[in-house]
Student: 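Please see the structure below; I have some questions.
Bear in mind the structure is a predicted one, so any value in this text is a computation, not a measurement.
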Amino acid sequence: DDAIPAVYLTEMDQGLYAGLLGAEIRFLCDPDSGWISSMAVPLLEGWEGFDAIKIPGPHPWMDRYLDELATFTRHAEGKFGISHFIVIDGLNFLFELFGATRTYLSLHLEPERVTEAIDFAYDLAVFVQDRFFETAPLVEGGTCSNMMSWIPGGRIVSESVDPFHMTSVDDFERWGRGPVERLFQHYDGGVVHLHANGRHLVERVASLEGLRGIAFFNDLGYVPSFDLVGEFRRRAGD
């Protein structure tokens with residue numbers, strides 16, 4: 001068994017980012033797997049309030065995040081690793097601000113403002129991810145991962161391209177590639193996961209500069225990912 005066990009801070013999952021900005025956070029639990037996650041009630045009703053949001057100073061959500069990281073790190077030493085923490089940036093961050101519908105409309109109606117929000121999301125993501133890597137040590141020079149067990153070669157981030165599962169590959173190239181590659185280049189690369197409804201993105205995601213791997217998820221109503229491994233390998237090219 002070559003697996004390396006690692007704990008993931010599941011309840012912080014998505015809610016932390018918008019929670020740091022004052023959004024109302026809702027927790028949810030999958031009754032079958034026990035996975036606990038969090039999401040935000042959209043923070044803003046429109047772009048009028050966007051200019052007022054700032055990277056936070058001391059904040060209860062960050063205190064909780066750092067305290068939990070430190071606790072797990074202290075007790076994990078020599079026993080298991082601490083998994084890297086999902087990145088919520090790009091359109092994922094806009095979902096947290098406005099909800100999905102307004103985000104998709106904004107791509108066409110207010111693209112300049114979308115670009116501003118994506119730049120802010122990058123700074124917030126680096127703020128959160130830097131705190132993770134400052135607190136949770138690397139394991140044998142690599143990053144533990146709930147996606148891929150363990151990834152050699154430094155600080156590896158876990159990106160999400162979920163918003164593009166419901167868009168065209170052209171939208172991914174216009175709005176997704178740049179923010180993902182920018183974050184990969186800031187660290188030592190990254191991994192991406194694809195849900196079953198995002199399989200049309202395989203070729204584009206596989207060509208991301210700095211990509212270290214793709215995790216293929218299973219979703220209800222779709223052919224299991226394992227049954228398509230050969231196809232995915234051919235389409236990814238590596």
Student: Mind checking side chain to side chain contact (heavy atoms under 4.5 Å, CB included) for Ser168 and listing every partner two or more places apart, or none if nothing turns up?
Tutor: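 For Ser168, the residues satisfying side chain to side chain contact (heavy atoms under 4.5 Å, CB included) (neighbours in sequence not counted) are Asp170, Asp171.
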
Student: Any chance the side chains of His84 and Ser145 put a donor and an acceptor closer than 3.5 Å?
Tutor: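 Yes, because at least one side-chain N or O of His84 sits under 3.5 Å from a partner of the opposite role on Ser145.
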
Student: Can you tell me how far apart CD1 (Ile88) and CG (Leu94) are? Round to the nearest 0.5 Å.
Tutor: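 Nearest 0.5 Å value for the CD1-CG distance: 12.0 Å.
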
Student: When you compare the side chain of Lys54 with that of Leu21, does any pair of heavy atoms fall below 4.5 Å?
Tutor: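 Leu21 vs Lys54: side chains apart.
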
Student: Is it the case that one hydrophobic cluster holds both Leu43 and Ile55, taking links as side-chain heavy atoms less than 4.5 Å apart, direct or via other members?
Tutor: yes

Student: Verify the cluster assignment for Met39 and Phe98: are they in a single hydrophobic cluster under the rule of side-chain heavy atoms below 4.5 Å apart?
Tutor: no

Student: Sub-3.5 Å donor-acceptor pair from the side chain of Asp219 to the main-chain atoms of Ala196, do we have one?
Tutor: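 Yes: the side chain of Asp219 pairs with the backbone of Ala196.
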
Student: What I'd like to find out is whether the side chain of Val157 reaches to under 4.5 Å of the side chain of Phe133, using heavy atoms alone.
Tutor: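 Of all side-chain heavy-atom pairs linking Phe133 with Val157, at least one is under 4.5 Å.
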
Student: Identify, with sequence neighbours excluded, every residue that meets side chain to side chain contact (heavy atoms under 4.5 Å, CB included) alongside His186.
Tutor: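 With sequence neighbours excluded, His186 shows a side chain to side chain contact (heavy atoms under 4.5 Å, CB included) to Tyr122, Val126, Asp130, given in chain and number order.
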
Student: Let me confirm one number: the CD-CG distance from Gln129 to Leu183, rounded to the nearest 0.5 Å.
Tutor: 7.0 Å

Student: Among Glu209, Glu173, Glu181, find the residue that satisfies the salt bridge (Lys or Arg N to Asp or Glu O under 4.0 Å) test when tested with Arg204.
Tutor: Glu173

Student: Heavy atoms only: give me the nearest Ser225-Phe232 pair and the separation to one decimal.
Tutor: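 What the structure gives for the nearest pair is O-CE1, 3.7 Å.
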
Student: Could you tell me which non-hydrogen atom of Ser149 sits nearest to which non-hydrogen atom of Ile4, and how far apart they are?
Tutor: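 What the structure gives for the nearest pair is OG-N, 2.9 Å.
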
Student: How long is the gap from CG on Leu44 to CZ on Phe50, to the nearest 0.5 Å?
Tutor: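 CZ of Phe50 is found 8.5 Å from CG of Leu44.
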
Student: Does one hydrophobic cluster hold both Tyr187 and Leu138, with members joined at side-chain heavy-atom distances below 4.5 Å?
Tutor: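 Yes, same cluster.
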
Student: Return all side-chain donor-acceptor pairs below 3.5 angstrom for residues 23-33, not counting sequence neighbours, or 'none' if the list is empty.
Tutor:
residue : atom : partner : partner atom : Å
Glu24   : OE2  : Arg26   : NE           : 2.9
Glu24   : OE2  : Arg26   : NH2          : 3.2
Asp30   : OD1  : Asp32   : N            : 2.8
Asp30   : OD1  : Ser33   : N            : 3.3
Ser33   : OG   : Trp35   : N            : 3.2

Student: Would you check if His165 and Val161 make a side-chain contact, meaning some heavy-atom pair closer than 4.5 Å?
Tutor: yes

Student: Give the minimum heavy-atom separation between Ala206 and Ala236, together with the two atoms involved.
Tutor: CB-O, 3.7 Å

Student: Can you confirm whether more than 12 heavy atoms, excluding those of Glu231, are under 6.0 Å from its CD atom?
Tutor: yes

Student: Is a donor on one side and an acceptor on the other found under 3.5 Å between the side chain of Ser83 and the backbone of Asn146?
Tutor: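 Yes; judged by distance alone, with no hydrogens or angles, the pair exists.
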
Student: Using the salt bridge (charged side-chain N to carboxylate O under 4.0 Å, His left out) criterion, which residues pair with Arg64? Sequence neighbours excluded.
Tutor: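 For Arg64, the residues satisfying salt bridge (charged side-chain N to carboxylate O under 4.0 Å, His left out) (neighbours in sequence not counted) are Glu11, Glu68.
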
Student: List the residues meeting salt bridge (charged side-chain N to carboxylate O under 4.0 Å, His left out) with Glu134, not counting sequence neighbours, and say none if there are none.
Tutor: Arg131

Student: My understanding is that only residues two or more places apart in sequence, or in another chain, count here; which of them pass salt bridge (charged side-chain N to carboxylate O under 4.0 Å, His left out) with Arg113?
Tutor: Asp51, Glu116

Student: Nearest 0.5 Å, what's the CE-CG distance between Met166 and Leu91?
Tutor: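 Output value for this atom pair is 10.5 Å.
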
Student: What residues form a side chain to side chain contact (heavy atoms under 4.5 Å, CB included) with Pro42, not counting sequence neighbours?
Tutor: none

Student: If you apply the rule salt bridge (Lys or Arg N to Asp or Glu O under 4.0 Å), what do you find for Arg182 with Asp119, and how did you get there?
Tutor: CA-CA 10 Å; Arg182 182 183 182 188; Asp119 286 341; 3.4 Å; yes

Student: Which other residues belong to the hydrophobic cluster containing Val229, where Ile, Leu, Val, Met, Phe, Trp and Tyr are joined when side-chain heavy atoms lie under 4.5 Å apart, directly or via other members?
Tutor: Phe226

Student: Is the Phe80 to Phe72 ring centre distance short of 6.0 Å?
Tutor: no

Student: Rest of the hydrophobic cluster containing Ile156 (Ile/Leu/Val/Met/Phe/Trp/Tyr, side-chain heavy atoms under 4.5 Å)?
Tutor: Met147, Met148, Ile151, Val191, Phe217

Student: Within this structure, what is the CG-CD1 distance for the pair Leu124 and Ile53, rounded to the nearest 0.5 Å?
Tutor: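 Spacing of CG (Leu124) from CD1 (Ile53) equals 8.0 Å.
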
Student: Assess whether ring pair (Phe, Tyr, Trp, His ring centres under 6.0 Å) is satisfied between Tyr65 and Phe132, documenting all intermediate values.
Tutor: CA-CA 9 Å; Tyr65 171 57; Phe132 173 85; 7.4 Å; no

Student: Just by distance, with hydrogens left out, do Tyr17 and Asp89 show a side-chain donor and acceptor under 3.5 Å apart?
Tutor: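 No, because no side-chain N or O of Tyr17 sits under 3.5 Å from a partner of the opposite role on Asp89.
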
Student: Just do the side-chain contact (heavy atoms from CB on, under 4.5 Å) check on Phe127 and Met62 with the steps written out, would you?
Tutor: CA-CA 10 Å; Phe127 174 74; Met62 182 55 72; 3.3 Å; yes

Student: What closest approach, in Å, do Glu203 and Arg235 show between heavy atoms, and which atom pair accounts for it?
Tutor: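 Smallest heavy-atom distance, with atoms named: OE2-NE, 2.8 Å.
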
Student: Count I, L, V, M, F, W, Y as connected when their side-chain heavy atoms are under 4.5 Å apart, and connections chain through other members. Are Leu66 and Leu20 then in the same cluster?
Tutor: yes

Student: Any chance you could lay out the side-chain contact (heavy atoms from CB on, under 4.5 Å) test for Ile118 and Thr115, step after step, and finish with the verdict?
Tutor: CA-CA 5 Å; Ile118 288 174; Thr115 299; 5.7 Å; no

Student: Is it the case that the side chain of Asp188 and the backbone of Arg155 share a donor-acceptor pair, with hydrogens and angles ignored and the cut-off at 3.5 Å?
Tutor: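 Confirmed, Asp188 side chain pairs with Arg155 backbone.
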
Student: Can Asp162 and His193 be counted as having a side-chain donor-acceptor contact under 3.5 angstrom?
Tutor: yes

Student: If hydrophobic clusters are built by linking Ile, Leu, Val, Met, Phe, Trp and Tyr wherever their side-chain heavy atoms come under 4.5 Å apart, do Val128 and Val7 end up in the same one?
Tutor: yes

Student: Using the side chain to side chain donor-acceptor pair (under 3.5 Å) rule, collect all pairs that involve residues 91-108, keeping only residues at least two apart or in two chains.
Tutor: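 Checked against side chain to side chain donor-acceptor pair (under 3.5 Å) - neighbours excluded - the pairs reaching residues 91-108 are Trp47-Ser106, Asn92-Ser160.
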
Student: Under the salt bridge (charged side-chain N to carboxylate O under 4.0 Å, His left out) rule, collect the residues that match up with Glu110, sequence neighbours excluded.
Tutor: none

Student: For the pair Thr71 and His75, evaluate side-chain contact (heavy atoms from CB on, under 4.5 Å) and give the outcome as yes or no after the intermediate values.
Tutor: CA-CA 6 Å; Thr71 300; His75 290 281; 4.0 Å; yes

Student: Hydrophobic cluster mates of Val41, side-chain heavy atoms under 4.5 angstrom, ILVMFWY only, any path?
Tutor: none

Student: Taking all non-hydrogen atoms of both residues into account, name the closest pair between Thr135 and Ala70 and its distance.
Tutor: CG2-N, 3.9 Å

Student: Verify, without hydrogens or angle tests, whether Trp150 (side chain) and Val139 (backbone) share a donor-acceptor contact under 3.5 angstrom.
Tutor: yes

Student: Do Met12 and Trp61 come close enough that some side-chain heavy atom pair is under 4.5 Å?
Tutor: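 Yes - at least one pair of side-chain heavy atoms lies under 4.5 Å apart.
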
Student: Tell me the closest heavy-atom pair linking Leu201 and Phe164, and the distance in Å.
Tutor: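 Reported closest heavy-atom pair: CD1-O, 3.6 Å.
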
Student: Between atom CZ of Phe85 and atom CD of Gln14, what is the distance when rounded to the nearest 0.5 Å?
Tutor: 9.5 Å

Student: Test Asn218 against His195 for side-chain contact (heavy atoms from CB on, under 4.5 Å), laying out the working first.
Tutor: CA-CA 7 Å; Asn218 290 325; His195 292 275; over 6 Å; no

